[in-house]
Structure formats: C-alpha cells, structure tokens
Number of protein chains: 2
Amino acid sequence: MGERTEHTPLERTLQLVGDRWSILIIRAALRGVRRFDDFAADLGIARPILTKRLTRLVEGGVMAKDPYQEHPPRYEYRLTPAGVALSPALVALIRWGEHHLADGDSPIVLVHGPCGTELEQGFWCRTCATTFGPTAIRAQSATTQPEHDSAQRDRTGP
Amino acid sequence: MGERTEHTPLERTLQLVGDRWSILIIRAALRGVRRFDDFAADLGIARPILTKRLTRLVEGGVMAKDPYQEHPPRYEYRLTPAGVALSPALVALIRWGEHHLADGDSPIVLVHGPCGTELEQGFWCRTCATTFGPTAIRAQSATTQPEHDSAQRDRTGP
DNA sequence: GGTGTGGGTTCTGAAGCGGAACTCGGTGGG
DNA sequence: CCCACCGAGTTCCGCTTCAGAACCCACACC
C-alpha cells in the first residue's frame, strides 16, 4: 500500500483540495454560500460526499464550522483566512478555463470590480520590482531565513 | 448519471485536470519529464491510469504526443503552450501548501531565480495600475455589460 | 401534534484507482 | 536464428470512492 506520505507542498495541497468537489465548494463559499443545504443545492453534490468534503476542509483549516443559532443548533461553514488565501489558485484555474477551454457559449471573464478591466495575474519580485514568467521560478530551501510572512495584499503595483 | 454539462470555466477546467494525478503529471512535465515510463516511475502512478490521464490531457490540449524516434516508434509527451499556461495555477497551489500546510519538515519556497527573493503572486489591473485582493474581483460577460450575477457577497476582509 | 426545516447518516450500485502480469513491435547480442 | 530486452501500453482482478435516493432526528411553528 502506498507509503508515500505526500511530502511536497503540492502533494499535500492536493490531498486536501485535489478532488472533484473541494475547489467548487470553496468557490461557492467565496460567493457567500454558508449552509449545508445551500452547498448541496448550489453544487448538485451528493450529500454524503458534501459531509465528507466539508469535514476534511474543516480539519485542513480551510473552512470553519460555527454555530449561527443556538436553540435548534445550526452551523454554518465559512472560509478561514487560509481558505480565502486559495483565491489565487481558484482564479488561475478559472482564467485558464476561460482562455483555453472556450466553448463559445459563455465568454465570461474576471475583471477588476471598480473599473471593469480584465484582471491579470503574474509573478512579482519585490526586490527586482518586475513581473516574470514561470521559467524564472526556482525552488529553494528556506531554512536559513524562515521569512514566511509575505502575503499578497493590496499594494500599489509594478 | 450527471447530465450537468459543466458550463462554467472552472468546472470545465476541473473536468480536465481536477483529479488526483493530472496536476502532478503537469508538474512533472514542467520539470522535464517526457516519456511514459519516466512519468510512471517519477509519480508512482499505476500505468493504466497514466495512460488515461495522458490521453485526456492530449485531447484537452494540455499536452502533445510527438514521436521522438521513428524506427521503433516511440513517443514523448510535451506540454503545449496551453499546458505551460497552467503554471500560475500550479504555483498558487504550491505556494498555498507551503504557507498553510507546513509540517515543519521541509520549508521550501518558490523564489525569483535571478535574485532569490520569494515570489509574490497577485491580481493586477492594468488600467488602475494596482494590485488587489479577491474581494475586488467580479465576473462579467465579455460581450455585453455586467449582467451576470454580481457573484460576490460581503465578506470579511481577505 | 402534524408539518417543515436544517443537517446530516444508511443503504444500495456504479465508477475510478492500484498492482501485477501480459502483449506487441522492434533492436541488439551471441 | 534465437532469445533477452526495452518502451509503451493493455488486461485482469480486487479494493476504495462516488452518486442517488431514502431515511433519521432534533427542534420550531402553526
């Protein structure tokens, strides 16, 4: 049996959200869906699978299960900050589908809300003050300097 | 039998690469793996599954199957430009795993090759010359004005 | 006290996945 | 000429996961 303890970050990420539904659940949550039945209706997912996926996402820190009323104890599932941090991945997948899987029936694009311009997504180096493509990416151990707090936040850009 | 013809870009993307192996196959291809047996050995994937995944990725335009020698006819699988265009999604998933699924054993980060600074990834609006977070994203039809549901509820900050 | 609602759990099949063994064309060595 | 070998799959079998529908249960409302 597979003793591969999925050691790379990508493998661990895919263990958590790399199935057919988790990403769609997260997208629904980003749109404001919170309750079990709303997820089920919105996604068309089988309810037992939804139970399992939500449980796994909660255990993985992507979502949180909070009571929203007491007496009939009812819960809602919200994205944690870690869950919201998956947005760039979602957006990348959506954009890729838009540009490379167009069926001609629904040309929908993601835009910057305030101005309506189609958004772009790229890699940005703070030091060089430049954007760059995938060929300039290198993986590197961070043992010497555990600088983990970079977080893509609203900034003024390149 | 789900007759849902997966109409949104995200659903179509996940139909193609939203299984347990496709993303890992694409990562291996980005690292230079090209041949059937090399994929099998590198990933530890069962060979019948690898056959199916490679076939689907070729049909989906993500990879191309080209002969690399004639007389014993042998083929290699390369990423197409569309396949390389999935890099931002891969990088987003890798970075998320690095930052939110750290097990303390392998702190590896992605850096800008030339200078070694950890890369950032964000949404960029050419018109406003600014980067922004997920709450400022809106989905909009590319042909007409924004009639597609605003797709965004109020959320706590990113 | 019956009905409705939200949030699940049990039951079935039907897919998909994993492992090993087998096939098939061609090549190279003895 | 014969046999081993290599790359690229395909078959066969067993196990795990998924999908669908039905069912359960605690409570609230009428």
Side-chain angles (χ1 to χ4, degrees), chain A residues 1-6 10-11 14-26 28-29 32-60 62-79, chain B residues 1-6 11 13-29 32-60 63-79:
Chain A
M1 294 56 173
E3 288 305 324
R4 305 173 55 82
T5 13
E6 314 306 5
L10 182 59
E11 283 166 301
L14 292 177
Q15 294 261 105
L16 186 57
V17 301
D19 65 295
R20 195 146 109 257
W21 289 112
S22 294
I23 296 281
L24 296 173
I25 290 170
I26 293 163
V33 177
R34 304 252 162 104
R35 317 226 287 236
F36 189 92
D37 278 16
D38 293 340
F39 280 111
D42 189 73
L43 300 170
I45 182 178
R47 299 162 72 81
I49 309 298
L50 179 57
T51 301
K52 275 200 249 186
R53 289 298 161 268
L54 287 174
T55 303
R56 196 170 70 184
L57 291 173
V58 168
E59 287 170 355
V62 172
M63 305 191 83
K65 179 183 188 175
D66 298 324
Y68 67 89
Q69 68 181 31
E70 288 282 317
H71 252 330
R74 292 291 138 80
Y75 303 95
E76 66 178 12
Y77 294 88
R78 287 180 307 94
L79 287 173
Chain B
M1 303 62 167
E3 287 306 323
R4 303 173 55 81
T5 15
E6 314 306 6
E11 283 166 300
T13 302
L14 292 177
Q15 292 262 104
L16 185 57
V17 301
D19 64 296
R20 197 146 110 257
W21 288 112
S22 294
I23 296 281
L24 296 173
I25 290 171
I26 292 164
R27 181 181 61 169
V33 177
R34 303 258 158 98
R35 316 227 286 234
F36 188 92
D37 277 16
D38 293 341
F39 280 109
D42 189 73
L43 299 170
I45 182 178
R47 299 161 73 81
I49 309 299
L50 179 58
T51 301
K52 277 200 247 185
R53 290 297 160 268
L54 287 174
T55 303
R56 197 170 69 185
L57 291 173
V58 168
E59 287 170 355
M63 304 191 82
K65 180 181 185 175
D66 297 323
Y68 67 89
Q69 67 182 32
E70 289 282 318
H71 252 332
R74 291 294 138 78
Y75 302 94
E76 65 178 12
Y77 293 88
R78 288 180 306 94
L79 288 173

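Chain A is the first sequence line, chain B the second, and so forth, proteins listed ahead of strands; every chain is numbered from 1.
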Rounded to 10°, the angle between the first-five-pair and last-five-pair axes of the helix from C:dG1-D:dC30 to C:dG30-D:dC1 is 0°
Between the protein and nucleotides 15-18 of chain D, which nitrogen or oxygen pairs are less than 3.5 angstrom apart?
| from | atom 1 | to | atom 2 | distance (Å) |
| --- | --- | --- | --- | --- |
| D:dC18 | OP1 | A:Arg53 | NH2 | 2.5 |
| D:dC18 | OP2 | A:Arg53 | NH2 | 2.9 |

Heavy-atom nearest nucleotide on DNA chain C taken for B:Ile45 and for A:Asp38; more 5' hit belongs to A:Asp38
Exercise. Heavy-atom distance under 4.5 Å between the side chains of B:Val33 and B:Ile25, does that happen here?
Worked result: no
With sequence neighbours left out, the residues meeting side chain to side chain donor-acceptor pair (under 3.5 Å) with A:Asp37 are A:Arg47
Here the distance between atom C1' of C:dG16 and atom CZ of B:Arg56, to the nearest Å, is 11 Å
In whole angstroms, the gap separating P of C:dG6 from CD of A:Glu76 amounts to 14 Å
Result for 5'-nearest mapping on DNA chain D, choosing between A:Ala46 and A:Arg74, is A:Ala46
- Do A:Thr55 side-chain atoms and A:Thr51 backbone N/O form a donor-acceptor pair below 3.5 Å? yes
Rounding to 0.5 Å, atoms OH (A:Tyr77) and CG (A:Leu50) come to a distance of 7.5 Å
Every protein N/O lying under 3.5 Å from an N/O of nucleotides 8-10 of chain C:
| from | atom 1 | to | atom 2 | distance (Å) |
| --- | --- | --- | --- | --- |
| C:dG8 | OP1 | A:Lys65 | NZ | 3.3 |
| C:dG8 | OP2 | A:Tyr77 | OH | 2.7 |
| C:dG8 | N7 | A:Arg47 | NE | 3.2 |
| C:dG8 | N7 | A:Arg47 | NH2 | 2.7 |
| C:dG8 | O6 | A:Arg47 | NE | 3.4 |

Separation of C:dG7 atom P from A:Met63 atom CE, nearest Å, is 13 Å
Rounded to whole Å, CZ of B:Arg35 lies from C1' of D:dA8 at a distance of 11 Å
Taken to the nearest 0.5 Å, the spacing of B:Ile49 CD1 from B:Leu43 CG works out to 12.5 Å
For B:Arg34, the side chain to side chain donor-acceptor pair (under 3.5 Å) test, sequence neighbours excluded, returns none
Item checked: side-chain contact (heavy atoms from CB on, under 4.5 Å) between B:Arg27 and A:Glu11, intermediate numbers included -> CA-CA 11 Å; B:Arg27 181 181 61 169; A:Glu11 283 166 301; 4.1 Å; yes
Those residues at least two apart in sequence (or on a different chain) that pass side chain to side chain donor-acceptor pair (under 3.5 Å) with B:Arg74 are none
Original post:
Going through the checks in order, is the side-chain contact (heavy atoms from CB on, under 4.5 Å) test met by A:Arg78 and A:Asp66?
Top reply: CA-CA 8 Å; A:Arg78 287 180 307 94; A:Asp66 298 324; 2.3 Å; yes
